[in-house]
A.B. asks: 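Take a look at the following structure, please.
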Amino acid sequence: GVKSERAQLVEHDLAKVGVAGSNPVSRSIDFQILDLMILDLLFVEILTKEELQARSKQLGIEVYKLCKRLDKGLDTNVFGHQLLRSASSVGANYRAACRARSSKEFIAKLSICIEECDEVMFWLEFLDSIGSYGNVNDIRDEANQLLSIFIASRKTVANSVKNQKS
């Protein structure tokens, strides 16, 4: 039969992330975990693992630039340090997740990414509420988007693991 326009777009998007012509859920989870992770994003935005690595690294860079603008006081040094530590951890742990040896390890590393992204959002909200450090909304928006991506990815992989056991 004739494929609908939406079906053709999905097929194109699946080919872009490397899962065309296959059932990503039935393939080995350990080797195809990133394909599954990206499937939740197909109708929003197609991201390769490299693009997500770049975005998570860029979050750390943008936070670093923000921290350089903070006043040089004990309080802002403490807050800035916590913010920078959590923001740089997001990229490092996502990179580690991409090298996971098992689905459990992948889920564990994504869970750390989720915790660290949430902490980034906390410290940005905190800094925004105590002083005028410029517009942190762009950084907060990116952290929120990454948080949503990591949560959806973890859910997808966890469900796939669960379905394989059934």
A.B. asks: For Arg140, enumerate each residue passing the side chain to side chain donor-acceptor pair (under 3.5 Å) test, keeping only those at least two apart in sequence or located in another chain.
C.D. replies: Asp128, Asn137
A.B. asks: So how far is it from Gln145 CD to Leu59 CG, rounded to the nearest 0.5 Å?
C.D. replies: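 Spacing of CD (Gln145) from CG (Leu59) equals 11.0 Å.
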A.B. asks: One pair to check against side-chain contact (heavy atoms from CB on, under 4.5 Å): Arg99 and Lys109. What are the steps and the verdict?
C.D. replies: CA-CA 10 Å; Arg99 288 168 174 61; Lys109 291 294 183 186; over 6 Å; no
A.B. asks: Keeping the roles fixed (side chain from Asp118, backbone from Ile114), state whether a donor-acceptor pair exists under 3.5 Å.
C.D. replies: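 Not at all, since once roles are kept as given, no pair shorter than 3.5 Å links the two residues.
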A.B. asks: Side-chain contact, heavy-atom cut-off 4.5 Å: Gln53 with Tyr94?
C.D. replies: yes
A.B. asks: With sequence neighbours excluded, what pairs up with Glu115 under the side chain to side chain donor-acceptor pair (under 3.5 Å) test?
C.D. replies: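 None.
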A.B. asks: Give the minimum heavy-atom separation between Ala143 and Cys117, together with the two atoms involved.
C.D. replies: O-SG, 3.7 Å
A.B. asks: Taking the side chain as every heavy atom from C-beta outward, state whether Ile107 and Ser111 have any atom pair closer than 4.5 Å.
C.D. replies: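 Heavy-atom side-chain distance check passes, below 4.5 Å.
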A.B. asks: According to side chain to side chain donor-acceptor pair (under 3.5 Å), who are the partners of Ser88, at least two apart in sequence or on a separate chain?
C.D. replies: none
A.B. asks: Does a side-chain heavy-atom distance below 4.5 Å link Glu142 with Leu146?
C.D. replies: yes
A.B. asks: In this structure, which one of Leu52, Thr48, Leu47 forms a side-chain contact (heavy atoms from CB on, under 4.5 Å) with Glu50?
C.D. replies: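 In the set Leu52, Thr48, Leu47, the residue that makes a side-chain contact (heavy atoms from CB on, under 4.5 Å) with Glu50 is Thr48.
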A.B. asks: Begin with the C-alpha distance, continue with both residues' side-chain angles, and end with the deciding distance and a verdict on side-chain contact (heavy atoms from CB on, under 4.5 Å) for Arg55 and Ile149.
C.D. replies: CA-CA 11 Å; Arg55 281 182 65 177; Ile149 291 166; 4.1 Å; yes
A.B. asks: Does a side-chain heavy-atom distance below 4.5 Å link Arg69 with Leu66?
C.D. replies: yes
A.B. asks: Just jot down the salt bridge (charged side-chain N to carboxylate O under 4.0 Å, His left out) partners of Glu105, sequence neighbours excluded, or say none.
C.D. replies: Arg101
A.B. asks: Does any part of the side chain of Phe122, heavy atoms only, come nearer than 4.5 Å to the side chain of Leu83, both counted from C-beta?
C.D. replies: no
A.B. asks: Please identify each residue that fulfils side chain to side chain contact (heavy atoms under 4.5 Å, CB included) with Gln58, with sequence neighbours left out.
C.D. replies: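 So Gln58 forms a side chain to side chain contact (heavy atoms under 4.5 Å, CB included) with Ile61, Glu62.
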A.B. asks: Does the side chain of Glu116 come within less than 4.5 Å of Arg85's, by heavy atoms?
C.D. replies: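 A side-chain contact under 4.5 Å exists here.
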A.B. asks: Show the nearest heavy-atom pair for residues Ser56 and Gly91, with the distance to one decimal.
C.D. replies: OG-CA, 3.4 Å
A.B. asks: Roughly how far apart are Leu124 CG and Asp141 CG, rounded to 0.5 Å?
C.D. replies: 10.0 Å
A.B. asks: Mind checking whether Phe79 and Leu70 have side chains closer than 4.5 Å, heavy atoms only?
C.D. replies: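 Result no, sub-4.5 Å side-chain heavy-atom pair not found.
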A.B. asks: Would you mind reporting whether Val136 and Glu125 have side-chain heavy atoms less than 4.5 Å apart?
C.D. replies: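 Not in contact.
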A.B. asks: Please find the pair of heavy atoms, one from Leu110 and one from Ala97, that lie closest to each other, and give the distance.
C.D. replies: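 Scanning both residues completely, I find the closest heavy atoms to be N-CB, 4.4 Å.
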A.B. asks: Which heavy atom of Cys67 sits nearest to which heavy atom of Gly80, and what is that distance?
C.D. replies: SG-O, 3.4 Å
A.B. asks: I'd like to check the side chain to side chain contact (heavy atoms under 4.5 Å, CB included) partners of Tyr64; sequence neighbours left out, ordered by chain and number.
C.D. replies: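 Tyr64: side chain to side chain contact (heavy atoms under 4.5 Å, CB included) contacts with Lys68, Leu84.
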A.B. asks: At their closest point, which heavy atom of Lys72 faces which heavy atom of Asn77, and how far apart are they?
C.D. replies: CA-OD1, 4.5 Å
A.B. asks: Should Met121 and Ile151 be regarded as members of a common hydrophobic cluster, given that ILVMFWY residues are connected when their side-chain heavy atoms come within less than 4.5 Å of each other, either directly or indirectly?
C.D. replies: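 Cluster IDs for Met121 and Ile151 match.
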